[in-house]
Each structure stands twice: as structure tokens, then as C-alpha cells.
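Side-chain atoms are counted along with the backbone in the values below, which use heavy atoms only and exclude waters and symmetry mates. Predicted model only: the values in this text are computed from it and were never measured.
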Amino acid sequence: YGSIPFMHAHRKNSSVAVFWLNAAETWVDIVKTKPSTNPLALGVSNPRTTHTHWFSESGLLDVFVFLGPNPEALSKNYAELTGYTAMPQRFAIAYHQCRWNYVTDEDVKDVDRKFDRYQIPYDAIWLDIEYTDGKKYFTWDPLTFPDPKGMEEQLDESGRKLVVIIDPHLKNEAGWSIIEELKSKDLAVKDKNGNIYDGWCWPGSSHWIDCFNPAARAWWEEQFKYNKFAGSSHNTFIWNDMNEPSVFNGPETTMPKDNVHYGGWEHRDVHNLNGMTLVNSTFLGLIERKKGEVRRPFVLTRSFYAGSQRFGAMWTGDNQAKWEHLAASLPMVLNQGIAGFPFAGADVGGFFGNPSKELLTRWYQAGIWYPFFRAHAHIDTRRREPYLAGEPYLSIITKAIRLRYQLLPAWYTAFREAAVSGLPIVRPQYYVHPDDEHGFAIDDQLYLGATGILAKPVVTEGATSVDIYISDSEKYFDYFDYTVYQGAGKRHTVAAPLEKIPVLMQAGHIVPRQDRPRRSSELMKWDPYTLLVVLTDAGTAEGTLYIDDGETYDFEKGAYIHRRFIFRDSALTSEDIGTPGAKTAEYLKTMAGVQVEKIVVVNAPADWRDKSAVTVVEDGAKQGRTAPLQYTAGSAGKASYAVVKRPGVDVGRSWRIEF
């Protein structure tokens, strides 16, 4: 559904990339040449070489070559050229519940209530095409969704959102105001004879908006205003599907290549850009839907191109409820991050078919590591909301979803890094350890941003363990019980019964969390934080935390908290790494009293065994005060750890805790 003609090539001590800026149909051949034996080389063989051959059907061509020297440099330079990941609202990186289709507004409200009844957190529920009146977008079926406002108000009580599908094909129904405007204002894609193109999609006979036309973009943006899209609210967001475009009766299930867009461009020249033009317009429409109410948009797209990362999220499309599709989702999502579009995910559970309960459970345990975390299912599948799974699966799935919510501060910080630097949100082995050739081919385990968290989801039926490859000589600790793993360049067997998610933490990192279970991420806004300090044997660790209001663009005016935590010389310090702006002081005032409620130190030194307190020194204080310390010695291969409860420090202020 998408095309990003951007290729990385990596070897030890060298990374290069090519960006082939062409939106027409493009092929790339990759040919690896084996060393040839030269009788004059005196036993010195030639290195293996790789050649790539690029060719496009038509269109203009620009080629950009990036010279590294490492994968991070490639990501940063590519983002400078094509744009950075849009900073999403916080709800967008939490859990989304979707299926084709929730059949009535009462059905939506019932699902919402049951998530609460079973204490499963979620942030957004989604509606596919059946909510519309006869497949006419920007409408509601008067029989099945007579009260969309009431539905949205119930969701809003828990800080939850509604996401509805809006596609680019518009039903060719005489008298419908939107299609009549599309025709009268000449905003549609034309066929080769200059007539409005008519094709077949979900509504039947349809026309397609041509968002290459500036007037069409402006018109499309207007449709999202509350007085135009009646029944939508501030907590309604958008899903653009079928925007390749998908045409059921078209050649290769898309538009004829000789269709004509604004400016005289044939579709063959701009096909891969088509989806992005629609998402761009939808994104701007959500920003402008009410004067003075500027919230960050959320748009999911199926079709994408280089630069689409500026407008929202993508998912990998219509997968199947099969183990091999679960396994394939991990390299696909990792690949999106390398390609500069890291806000990516796959349909949890598989779109087509009915997953076994084991497969569904393992998919949730994998899905919590997708930057975009959404369950979705086809209209012909059985209902599979988590609360229907029965025990023990319900409890295991709920535990996995809660782990995602617990780590939302770390995820949000990783999104911030992507939004300012272009780095992937989840990273493959070679990206984190670019000098270890033994890890280059590994694509089934991932690191979460710069947190040192290493996850390897189970993707094989019946598996009760996984082998996690550790590249470096640092200690790694099991996230849940602090079992120690160490040994560079080795695979380590980690137990993974059905109830266990294989997650390790690399020594030297500090991971921010929020540990109180809530119904949605918005209800966590004022919750205190936990700092998980994972020490090296030298007694050092470092990490960052980024917080803003999770909703508006006030962060662009300094309304955010950005802290660096450093553990060194037996002390944990918090320092400000943000840039003050016009709204910094106001925001810090709203966050006053949001505290660090707990500090967990893994791999705590043995000489802490007899300590019972730490000294807390806040910024500007003349003297310190104490907070209790509880030490637990390690045993049976598990690390010792220490816990400081209620240190009484604000998350947004500078302080020092001496151990």
C-alpha cells in the first residue's frame, strides 16, 4: 500500500543510503557478487560487493546519496530532507480497539463499558465503513448511529476517543451535497478523455477527490469542520483507508495509469504520492475544524510515501490470523522505522480469520511493542475483544496491555526523539550495535528507543522460551524478576511460558514509568512517576523523560518538561535539558506536585545492604532530608535491587538523591 524508495546499506564501520525520489512505478534489483579467485592476488580475496539497479516507469527523478557514517546519521539526514515524525497526542500511542464493524452506537458504548468492567485500559475505539449512511462519508447511518454525540460524550468521560474511517472515493449519488460540490467545483480525478473518472469501490459507483489540486485540498479540509461533519466532536479522529487509490474494477485494483490529475499529470507519474496528498489534507482539516481549538491531529493511513511521517501513523494492511503473519509483523514494523516512518503497527490478532487463543495472546504480547498498537478484525470474524478470551488468556492479555501503559512515559519520550531527530522508535539489532556483524541479520527482536529495553516477542506456536541475542558485554536483566544475562555475541535462552513476555533491560539505563493502572492514558496525566534505574557494575546509568500536555501544540512554546536523569558516584540527579519558551513557566505551574513516587535500582551494590535511608536534596534547598531505602539481596541468578519510596521530589524540578 505504500512506497518509500529509500535504501540503507550497512557493514561494519560504514553506512550509506540512497533516496530515489520518484513517485511512478519503480523496481529495484539487488545483486550480490561473490568474491572471485584471482590467481595473481596471492591468496587475498576480493570483498563481496552489492550492486543495486533502480528504474522507474516515468516521472521526474532526483537521487540523493547519504554517506553515513552510521545508521543514526542516515536517519537524521533523511529526516532533515523529508520531514520528522509528527508528535502525536498521547492517546495515539496507547491501545486502540477496532473491528469492521461495531454495528451501532449502543454497541460502541457497550464495548466501552465492558473494558471498564474487566479493568482493561484502552484509549480509542474505531468505526469502519458501516457507520455511514449508505457508504457516504461524513454521514451517520440514522438507524444504527442515531446519536453519535451521545456515544462520543460517553467515551469522553474516560478521556477516550473515537476514530472513524473517511476514504477518498465519494459515492456517485445524485443529490448528495458533497458529490454535487465535487462535480460543480471540478475537484475530481479525470479519465484520459477529460471526464470525471468513475470507478467502483465500497459505495459502488464513485468519484475520487484529486488532492493534487489546491482547491480540492482546501475543500476537503473544510469537510471536517464540526458544522460540516455533523455529529463529530473534539474527540473524533480520522482513518484514511483505500487511498492508494483502491478501485475494485480498475487495472491492478487501482486507477488506470492514464487518468489525469491537476496540472496535467498522468496517474502513472504520481501514483505513489496519491495517498499522501489525501492524508496531508485530512491532517490540516483536523487542525482547522474549529477556530481557536488547535489539537494535534491523529490520522491513520494505509497508503504512504516518503514524507508521510509528518502526518500520522500507518499500519501494514490486511494481514491474516496466522503465526507467520505475526512473525512477519516485526521486521515490517522495524523496516518502517529505518525508512523514516516509525509510527507503524500491524493489526493485532490478524485482520482475516479467527486466531486461536494462544495466537491472540501472543499477538497482544508482540503488539505492545508496535509504535502504533491497534487490534482489528474483518467483518466475517468472530468478536475477539480481550474480555471475551476467557481465563487465563484474559488476565495475560490485560497484563500485556497494562505493560504498554506502564511504559507510556518511555514510549512518549521515544516519540519525542523521533520528532526532533528522525531516529526510529523501535530499533533492530544492527541499528543499536552497528559493529557486531553477527547481529546484522536479526530482525525478530527490538530495542525501545534509547531506553535499553530489549524485547523478543514469541511468534511460534507452542513455544515456551526464546533465544535473545546479546551483542555487548554489559549485563542484561529480566524486566520482571531481574534474572541476570551476560555474554557478548551469544544467544541466551529466556523462559517464555504463555504468561511471560521476554523483555530484558540493558545495564546503564534509567527507564521512566507510571505504575498506577488507569482506564485510559488521559486519566494518567497527573499520576506520579517511577524511575527504574538499571546500574552497570561501575554504578552508572542515564536516561531521559519528556512530558507535555499530550494534546496541544503548546510544547512548541516551551510548555514541556524534558529531564535527564544521571546516576553516578552513588547519587541520582535530575537536570533540565529543555529550552525555555513563552509557556514554560505556566506549564511547570500546572505540573507542580506531580512527583516521582518510587525509585527502583536494579543491580544495587552489596554495600547498600545495611542502608535504610537516602538523602534527598532539592534544588534551592539549604539542607537535605531523608527518604526510606529498602534493599533486597539477589539470589539464584537474580540481581539485588533497592527501592526508594516517596522521595517527595517533583518530576519537573532539579534534585539530587544521595545513596
Side-chain angles (χ1 to χ4, degrees), residues 2-8 15 17-19 21 62 64 66 68 70-93 237 240 273 275-284 286-287 294-301 303-315 333-345 370-372 410-428 431 447-451 544-562 577-579 581:
S3 168
I4 300 178
F6 180 46
M7 178 178 287
H8 280 224
S15 296
V18 172
F19 176 40
L21 183 54
D62 291 307
F64 299 83
F66 302 87
N70 54 44
E72 285 195 3
L74 297 180
S75 294
K76 290 177 179 178
N77 292 335
Y78 175 78
E80 288 174 2
L81 180 67
T82 63
Y84 297 96
T85 298
M87 192 65 196
Q89 288 200 34
R90 183 165 151 130
F91 88 83
I93 69 172
F237 296 90
N240 286 155
L273 273 174
M276 187 168 75
T277 65
L278 182 84
V279 180
N280 183 8
S281 301
T282 302
F283 180 90
L284 295 174
L286 290 179
I287 288 177
V294 181
R295 292 179 173 88
R296 292 174 234 167
F298 173 75
V299 187
L300 179 75
T301 182
S303 179
F304 54 90
Y305 189 67
S308 292
Q309 66 269 15
R310 295 171 295 173
F311 308 120
M314 62 76 63
W315 90 108
V333 169
L334 288 169
N335 187 58
Q336 285 296 126
I338 298 302
F341 195 171
F343 197 179
Y370 304 155
F372 174 59
W411 279 97
Y412 201 64
T413 302
F415 267 85
R416 166 69 175 186
E417 187 175 24
V420 298
S421 71
L423 298 183
I425 294 163
V426 290
R427 303 169 185 177
Y431 198 97
Y447 287 83
L448 170 55
T451 63
T544 59
L545 170 64
Y546 175 82
I547 311 168
D548 61 28
D549 66 16
E551 186 176 17
T552 73
Y553 284 100
D554 285 354
F555 68 91
E556 295 179 345
K557 299 176 182 177
Y560 64 87
I561 292 169
H562 201 185
I577 56 173
T579 302

Calculate, to the nearest 0.5 Å, the distance between atoms [atom1] and [atom2] belonging to [X] and [Y] respectively.
X      : Y      : atom1 : atom2 : value
His562 : Thr413 : NE2   : OG1   : 6.5 Å
Leu273 : Ser3   : CG    : OG    : 9.0 Å
Leu423 : Lys76  : CG    : NZ    : 5.5 Å
Asn280 : Thr301 : CG    : OG1   : 11.0 Å
Ile425 : Phe415 : CD1   : CZ    : 3.5 Å
Phe311 : Leu284 : CZ    : CG    : 7.0 Å

Ignoring hydrogens, what is the shortest heavy-atom contact between [X] and [Y]? Give both atom names and the distance.
X      : Y      : result
Pro342 : Pro371 : O-CG, 3.2 Å
Gly275 : Ser303 : CA-OG, 3.6 Å
Gly340 : Tyr78  : CA-CE2, 3.8 Å
Phe343 : Ala92  : CZ-O, 3.6 Å
Pro297 : Phe283 : CG-O, 3.4 Å
Gly68  : Leu74  : N-CD2, 3.4 Å

Between [X] and [Y], do the side chains contain an N or O donor and an N or O acceptor separated by less than 3.5 Å?
X      : Y      : result
Tyr84  : Ser421 : no
Glu417 : Thr544 : no
Ser15  : Asn70  : no

**Message:** Would you say the ring centers of Phe19 and Phe66 fall short of 6.0 Å from each other?
**Reply:** no
**Prompt:** Between Phe237 and Phe91, is the ring centre distance below 6.0 Å?
**Reply:** yes
**Message:** Could you walk me through whether Thr82 and Tyr305 satisfy the side-chain contact (heavy atoms from CB on, under 4.5 Å) test, starting with their C-alpha distance in whole Å, then the side-chain angles of each, then the deciding distance to 0.1 Å, before giving a yes or no?
**Reply:** CA-CA 10 Å; Thr82 63; Tyr305 189 67; over 6 Å; no
**Prompt:** Aromatic rings His8 and Phe6: how do their planes relate, parallel, tilted or perpendicular, breaks at 30° and 60°?
**Reply:** perpendicular
Can you tell if the side chain of [X] reaches within under 4.5 Å of the side chain of [Y], non-hydrogen atoms only?
X      : Y      : result
Ile93  : Pro88  : yes
Ile287 : Val294 : yes
Phe64  : Val18  : no
Leu286 : Val299 : yes
Phe341 : Ile4   : yes

**Request:** Go through the steps for Gln336 and Met314 under the test side-chain contact (heavy atoms from CB on, under 4.5 Å), then give the verdict.
**Result:** CA-CA 9 Å; Gln336 285 296 126; Met314 62 76 63; 3.7 Å; yes
**Prompt:** Does Arg296 have any side chain to side chain contact (heavy atoms under 4.5 Å, CB included) partners at least two apart in sequence or in another chain, and if so, which?
**Reply:** Met87, Gln89, Tyr412, Asp548, Asp549, Tyr553, Phe555
**Request:** For the pair Ile561 and Tyr546, evaluate side-chain contact (heavy atoms from CB on, under 4.5 Å) and give the outcome as yes or no after the intermediate values.
**Result:** CA-CA 6 Å; Ile561 292 169; Tyr546 175 82; over 6 Å; no
**Message:** Applying side-chain contact (heavy atoms from CB on, under 4.5 Å) to Gln309 and Phe304, what does each step give before you reach the verdict?
**Reply:** CA-CA 8 Å; Gln309 66 269 15; Phe304 54 90; over 6 Å; no
